[in-house]
Amino acid sequence: MALEDLFGFSPDGILITDAGGVIRDANPRAAELFGFTADELMGMSVEALVPERFRDRHPSHRQNYKVHPHARAMGAALNLCGLRRDGSEFPVDIMLKPMQTPDGVMTMSFVRDMTEQRAAMETVRRQDQQLRSIVEGVRDLAMYLLDHDGKVMVWNPGAERILGYTAQDIIGKHYSRFFTKEDQDRERPAELMRIAVERGRIDEESWRVRKDGSRFWGEIVVTAIRDSVDEVIGFATITRDSTDRKRAEEALMVQLSTAVLINLDVFKLADAISESIQDIIPHDIATIAVHDATTDGLVVQFLRSEDGRPSRAEIRAPLDGSPDGEAFCSRAPLVLQWIDETRYAHNWVRHLTDVGMQSGCWVPVIHRGDPIGVLAVASRLASAFSQREAEMLAKIADQMAVTVVNARAFRQLAESRDRLMEEKQYLQEEINLENQFEDIVGESTGLRQVLKEIEIVAPTDATVLIEGETGTGKELLARAVHRLSPRKERTFIKLNCAAIPATLLESELFGHEKGAFTGANARKLGRLELASEGTLFLDEVGEMPLDLQPKLLRALQEREFERLGGSRPIHVDVRLIAATNRDLGKMMAEKQFRADLYYRLKVFPILAPPLRDRASDIPILARHFVESHSRRMGKHIETIPEETMDALVRWKWPGNIRELGNLIERSVILTRGSVLYVPLSELRTPDAENDTMSEKRDLRTGERERILRALREAKGRIAGPTGAAARLGMKRTTLNSKLKKLGIERRAYA
């Protein structure tokens, strides 16, 4: 029963033949293989199923088998073929087994169709031949196989060319002979195999030794080979001779070291680097981003444009949402095979995509464990950079790190040096000027009130606006604010807006870069930058052109500005004091002065009183000027005649303190002895009586205006610490009496 099941369901064809080769029985699979029915096969000679080219030899084989019948298993490596009914041939493998029957010895033949197996074997053979051709044809790579112990089993011509051994020299020898003595002593060959077993493969770059003892720099890949049960049976090794690249890299490092020594400008240094690495890492654009601590962002600058010319355009990139920021924050290289604008905000890659860049590589520049910038290269080609380029760029970034720090420090030192030189030049100019107002002189009530206001506002950083007629000593008041402020140890910088042409005022205020305009042959620091951490005094601010006012307002509000011709924002910490002899409120109403700047300046207004309102201070000032000018001119003047002093006190002084000082100086020059001679004719008019009446009228008018101004600033309040009486330095009852005497009604000031 079992034999019948085997006969009927066997996957192989089964033929039973007698001693004469006649088929006595056949199973269904045999009929299917040869294209006959089982009945048709009955009685056929077995030679009918053999291709014609083998038929003449087949009877002799059958006769030999008859003499020596024995079991023959499949896989006897015989090239056998079967012949189908339609005349087509197919490869077969046949197992023979003699069988004793009542009719004599029969032969049972198991026929297996080998078409698929032979096709697979042919494919493997062809692939093996192709692989062998490739391996033997590759001459730029040393490709060799090692057994489990590291001995060479297969050796290609590339290995012979690179390492110098023939196959006969090296087969069966251990591969450790390719390593330097230092690597052999530290058992590096065994370590590489161990790591390859653990990880599957290992890549490394190191020195290798040829047969003649010479060294070359090799890029090596060692891969573990495993069998079907995952046991390691050997290793495949590929080695590339990269000596030329290594030498180019070393030459680059030498160039970098040289560039570091001669370039303290980080952008000039990076330009040189971009040119040097072109042969090692081909690229179309290189950029460097330097971290700006004040904005906590990155300033990205082109080092090399696509046509090879450096570009100086700066781009601001955030730490979040830009490839530069990602490399900076992660402290790891970033390789983009395709610069995807959907991954980053368009603005942060537009400087690359707009010029056709498709791939890029970004590496952080790290100094003492902290990122300070990002070095990047980009290409018009997609997938232009791999991990190898990233590693090489990282090495270059390491070389740049110290230079970036040094260049930044040098830049700060250079800016500090320039600032100190500018301050020195400015102060020398100040010293050389004849400053006739060495200190504030006077004891009048109005002056004491102004000094109280200065004491109140000086310790703060509030902007001060000093208003008053020309010659009233507004600059001296500004210097007093500075001397009493926490900034007194820093520089007091002044700029007279009326003394400089409008076309040059912006340059004087903000400075300019070299080449910003015709005649700008060197970089110049502006007064605003010089005054950083100190005080800037803008005299005659009402003369500032309208188009310059919003730039000043922005600098005051945002505490930053840009020099003319520059693109880098400069941050400043400045206390501003402005002065004017004009009515800025009226100018604002007439659209001659910007309202926003006016209100920004008038944080704390101070009114410098005219000299006609300080009549009691005239004798003190006169004696002060006489002493000062006499000492300077080497004269000894002891007395001012009483009638002269009376004339000085009576004069209305339209030019205020400046006019008084100039008159006294002229008088000292004219004086021959110890008694001051003043040309009083300059203080007289043809009609003395009219002059006296006019003087009294002017004094009355001046006093009225001064009281009204104080009442308006006090918002109509008379008494109290901030009232008009306190501002004027008088008692409340005295002020009420003056209001009645001068006919000042409440509606005039409330």
Side-chain angles (χ1 to χ4, degrees), residues 266-267 270-271 273-274 277 281 283-306 310-387 389-398 400-401 404-405 407-408 411 554 557-562 566-571:
V266 64
F267 297 117
D271 282 345
I273 291 174
S274 178
I277 65 175
I281 307 176
H283 62 279
D284 295 309
I285 277 179
T287 63
I288 180 141
V290 178
H291 183 240
D292 184 354
T294 56
T295 61
D296 197 26
L298 296 168
V299 180
V300 184
Q301 181 155 355
F302 283 100
L303 307 179
R304 168 187 169 90
S305 64
E306 66 274 13
S311 170
R312 284 287 174 251
E314 287 185 354
I315 301 100
R316 292 271 167 175
L319 297 183
D320 184 20
S322 68
D324 298 271
E326 183 173 335
F328 182 89
C329 294
S330 66
R331 304 187 183 190
L334 171 65
V335 178
L336 295 181
Q337 306 296 353
W338 181 264
I339 300 177
D340 187 358
E341 295 185 9
T342 61
R343 178 174 175 181
Y344 303 101
H346 180 63
N347 289 343
W348 312 133
V349 293
R350 186 174 180 179
H351 61 286
L352 299 176
T353 57
D354 281 357
V355 290
M357 298 300 109
Q358 297 193 43
S359 60
C361 178
W362 290 259
V363 297
V365 180
I366 298 176
H367 181 256
R368 295 181 178 177
D370 295 323
I372 57 175
V374 176
L375 178 64
V377 291
S379 174
R380 293 190 190 91
L381 303 175
S383 304
F385 307 104
S386 65
Q387 189 61 32
E389 282 78 16
E391 292 172 357
M392 185 59 205
L393 197 62
K395 293 179 182 178
I396 296 171
D398 289 342
M400 286 187 63
V404 171
V405 172
R408 181 189 293 171
R411 181 174 183 175
R554 175 181 177 272
Q557 290 179 338
E558 301 182 14
R559 294 180 175 266
E560 71 174 25
F561 67 96
E562 295 176 0
S567 58
R568 182 174 64 90
I570 300 170
H571 299 270

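For the single chain, residues carry numbers from 1 onward in sequence order.
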Kindly give the heavy-atom pair with the smallest separation between [X] and [Y], and that separation in Å.
| X | Y | answer |
| --- | --- | --- |
| A382 | W338 | CB-CE3, 3.8 Å |
| H291 | L298 | CA-CD2, 3.7 Å |
| P333 | A390 | CB-CB, 4.0 Å |
| H283 | F385 | CB-CZ, 4.3 Å |
| A327 | V374 | CB-CG1, 4.2 Å |

(message) Checking D292 against R316 for the side-chain contact (heavy atoms from CB on, under 4.5 Å) test, could you report, in this order, the C-alpha distance in whole Å, the side-chain angles of both residues, the deciding distance, and whether it holds?
(response) CA-CA 10 Å; D292 184 354; R316 292 271 167 175; 2.9 Å; yes

(request) With sequence neighbours excluded, tell me which residues meet side chain to side chain donor-acceptor pair (under 3.5 Å) with E326. (result)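 Counting only residues at least two positions away or on another chain, E326 forms a side chain to side chain donor-acceptor pair (under 3.5 Å) with R343, Y344.
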
(message) R331: which residues meet the side chain to side chain donor-acceptor pair (under 3.5 Å) condition with it, sequence neighbours left out?
(response) none

Pairwise distance [atom1]([X]) to [atom2]([Y]) - rounded to 0.5 angstrom:
| X | Y | atom1 | atom2 | result |
| --- | --- | --- | --- | --- |
| S379 | I339 | OG | CD1 | 9.0 Å |
| E391 | C361 | CD | SG | 10.0 Å |
| T287 | M357 | OG1 | CE | 11.0 Å |
| Q358 | S383 | CD | OG | 9.0 Å |
| W362 | D324 | CH2 | CG | 7.0 Å |
| S322 | L334 | OG | CG | 10.0 Å |

(request) Apply the side-chain contact (heavy atoms from CB on, under 4.5 Å) test between L352 and each candidate in D284, I285, V300; give the one that qualifies. (result)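 Result: among D284, I285, V300, I285 is the only option passing the side-chain contact (heavy atoms from CB on, under 4.5 Å) with L352.
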
(message) Determine whether a donor-acceptor pair (N or O, by modelled atom type, separation under 3.5 Å) exists between the side chain of E562 and the backbone of I570.
(response)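 No, the answer is negative, given that no donor and acceptor are paired below the 3.5 Å cut-off.
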
(request) For E560, enumerate each residue passing the salt bridge (charged side-chain N to carboxylate O under 4.0 Å, His left out) test, keeping only those at least two apart in sequence or located in another chain. (result) R554

(request) Determine whether more than 12 heavy atoms belonging to other residues, nucleotides or ligands lie under 6.0 Å from atom CG of D370. (result)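 For D370, atom CG is crowded (more than 12 foreign heavy atoms under 6.0 Å).
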
